[in-house]
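Letters A, B, ... mirror the listed sequences (proteins, then strands); counts begin at 1.
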Amino acid sequence: MADPTNSDIADALAELGDLYELDGAIIHRVVAYRTAAQSVRDASTSVAALAREGRATELAGVGKTLQEKILALVEHAEIPATVKLRAKFPAGLVQMTRLPGLGPKRARMLYEALGIDSLDALRAAAEGERLRKLKGFGPKAEENILAALEAAPDGEVERRVVLDRALAVGDPIVAALRAHPASAEVELAGSARRMADSCKDLDIIATATDADALVEAFVALPEIESVAGSGSAGARARTHSGIKVDLRVVAPEQFGNLLQHFTGSRAHNMALRESAVRRGLHVSEYGVLDDATGETLECTSEEAVYAALGLAYIEPELRENRGELEAAVDGGAGLPKLITERDLRGDLHAHTTASDGKNSIEEMALAARDAGYSYLAMTDHSASMGFGMDVPPKQLERQIELVKDANEALDGIELLAGSEVNIMPDGSLDYPDELLERLDWAIASVHTSFRLGEREMTDRIVAAIEHPWVDALGHPTGRKVEARRPYPLDVGRVIEAAARTGTMLEINANPDRRDLPDVYARAAAQAGVRIVINSDAHRVRTFERVRRYGIATARRGWLTKADVANTLPYARFMKLRKRARR
DNA sequence: GCCGTTTTCGGCCCGACTGTTTTCAGTCG
């Protein structure tokens, strides 16, 4: 029986938290389970292995009790408390609590008073006007429940939008508001500002010389499909692409407070406020209240908010309660000097028409040069890609010559003859070693057989990392944002192998991948692994389009310029390749 | 259930909104 993955353990803890909430546990205990679940989900080493050694308590938010619960899950495949509570509360009840407006308290009341234990039973009872007999429920509650069921018949939660789609909507709206004569400051807030993988909605915070005029202009934008409510304080709207956008207009004196509040994350704000309370300060979106004086400090900037708490300014990408508050004391000595888009000098993962790309070697090279890069690796798919877009060994030999010819013909950009080699299920590669040796650069990736167990998948990838001619591992976890879970993988072992062999790990900048994810990129850099940020471009316009997301992922992973190999000039980068260090 | 520049016990963010309420609990972000 294979160990549960971190994802399995996180799901189990979150479920137990939900069950305890239904059972009427105090909310702090429930929150403790949810915090621990997130901590396990973000961990870069095997939590099952950690728990076997009694060391799961090293994770933030995991104490002695949860160490025991995790160990029970690892050793017996179940947690006794979960088994007990599942028998007490039907699964449909947990689903009911996910409906907007219906929480654990009210859902449980419906179950105990009326025996409602599923979404179907709930619909029938609301339609039969049987809910209004209960204390705390009325006709309006029935109406709201039916509306919620209508909006999400299977109780599914609202889908999040991948960041590039959200920004494609948000950036032009912000630009339009900034261009409006009545606006002063306009900023995107929320998870979009933190450059998270995906967003639920968009929040825009603004100051204005004429708030009414700015709100009117906002709701009249061509992107806006409908408006749920508006006034001089702001408006709630929905775009034609189905994304909710909230605009809040605030007095300049409180702009810093409001922007900080709505940028979040929730976990960051809670931790920030908790630490403030210990100093007798209370932080809200309206200001910082000082217990000692009774005065509320209003802040025009976020810098002023953090300064009021004795903290250095914290970049939005770091605001996830992953140690940034501790790092921001003492003038921010512990905060990293984050990498920026300007720091990238090369791209080591791009495709041409030789495989599934849309442009030629020359076209891709010139586009990379135009994007500001001074070197580019051509890495078409290898021999077994399939779908008729593979490059058999003979063709790769010719491709090497073509890249060399193009390199000589073009000024201002150095080209590397490379390949994106498939990692076969057994960990071998699909080109002979003699051919791989002739390349300037090889990146190895998994494109098939995703369904291996964690042990097999990790062995497979570690074998590729240990291969002498593999310079980097491409999109290491295989995840697709909001679309595909990562394959089961012990990322800790992958990082260890990469550090030991001098193999780079990629942050694939495709906004649907962003792989390595931020938390793993951070763990890898801490372990001394060189990160390489790549576009995985399949056409010329991709270079500019995706750099933003690769850099954002790196910044969310606390990476500096020094952590990322392709910030180096060409000659120094070349010496850092594994094949150059043999 | 976790955790400690007050603490190993007693706290654990802050405010808005809603629907049902004669003063507030539950839910949400």
Considering only the C1' atoms, how many Å lie between B:dC12 and B:dT18, rounded to the nearest integer?
26 Å
So which one's nearest nucleotide on DNA chain B is more toward 5', A:P104 or A:V277?
A:V277
Are side-chain N/O atoms of A:S265 and A:R319 paired as donor and acceptor at under 3.5 Å?
no
Watson-Crick or G-U wobble mate for B:dC24, both contacts under 3.5 Å
B:dG19
Non-hydrogen atoms of A:L247 and A:A206 that approach each other most closely:
CD1-CB, 4.1 Å
Distance, C1' atom - from B:dG26 to B:dT20, rounded to whole angstrom
11 Å
Taking side-chain hydrogen bond (donor to acceptor under 3.5 Å, both in side chains) as the test, write out the residues that go with A:Q38, two or more places apart.
A:D42
Can you pull the contact range of chain A along DNA chain B, 5' to 3', using atoms under 4.0 angstrom from its heavy atoms?
B:dG1 to B:dG29
Rounding to an integer number of angstrom, what distance separates B:dG29 and B:dC13 when you compare their C1' atoms?
12 Å
Could you list all the salt bridge (Lys or Arg N to Asp or Glu O under 4.0 Å) pairs where at least one residue sits in residues 257-278 of chain A, not counting sequence neighbours?
none
May I ask you to check whether over 12 heavy atoms, not counting those of A:R455, lie within 6.0 Å of atom CZ?
no
Which residue pairs satisfy the ring pair (Phe, Tyr, Trp, His ring centres under 6.0 Å) criterion with at least one member in residues 229-264 of chain A, sequence neighbours excluded?
none
A:E324 (side chain) donor-acceptor with A:R322 (main chain) under 3.5 angstrom
yes
Residues which pass side-chain hydrogen bond (donor to acceptor under 3.5 Å, both in side chains) with A:K135, listed by chain and number, not counting sequence neighbours
none
Does A:R513 have any side-chain hydrogen bond (donor to acceptor under 3.5 Å, both in side chains) partners at least two apart in sequence or in another chain, and if so, which?
none
So if I take residues 132-150 of chain A and measure heavy-atom distances to DNA chain B, which residues fall below 4.0 Å?
A:G136, A:F137, A:G138, A:P139, A:K140, A:A141, A:N144
With P as the reference atom in both, quote the distance from B:dC9 to B:dG15 in angstrom, rounded to an integer.
31 Å
Taking only the C1' atom of each, what is the distance from B:dT21 to B:dT8 in whole angstrom?
42 Å
Of all residues at least two apart in sequence or in a different chain, which pass the side-chain hydrogen bond (donor to acceptor under 3.5 Å, both in side chains) check with A:H180?
none
For the C1' atoms, the ones on B:dG1 and on B:dT5, what distance do you get once it is rounded to whole angstrom?
24 Å
Quick test of your reading: applying ring pair (Phe, Tyr, Trp, His ring centres under 6.0 Å), list the pairs with at least one residue in residues 15-67 of chain A, sequence neighbours left out, ordered by first then second residue.
A:Y20-A:Y33
Salt-bridge contact A:K480-A:D512 (side-chain N to carboxylate O under 4.0 Å):
no
Selection residues 206-221 of chain A - residue pairs positive for salt bridge (Lys or Arg N to Asp or Glu O under 4.0 Å), sequence neighbours left out:
none
Contact residues, residues 261-275 of chain A to DNA chain B [heavy atom, < 4.0 Å]
A:R266, A:M270, A:R273, A:E274
How far apart are the closest heavy atoms of A:I507 and A:A521, and which atoms are they?
CD1-CB, 3.9 Å
Of A:D203 and A:Y286, the one whose closest nucleotide on DNA chain B sits nearer the 5' end is A:Y286
Within residues 27-46 of chain A, those residues having any heavy atom closer than 4.0 Å to DNA chain B are A:H28, A:R29, A:A32, A:Y33
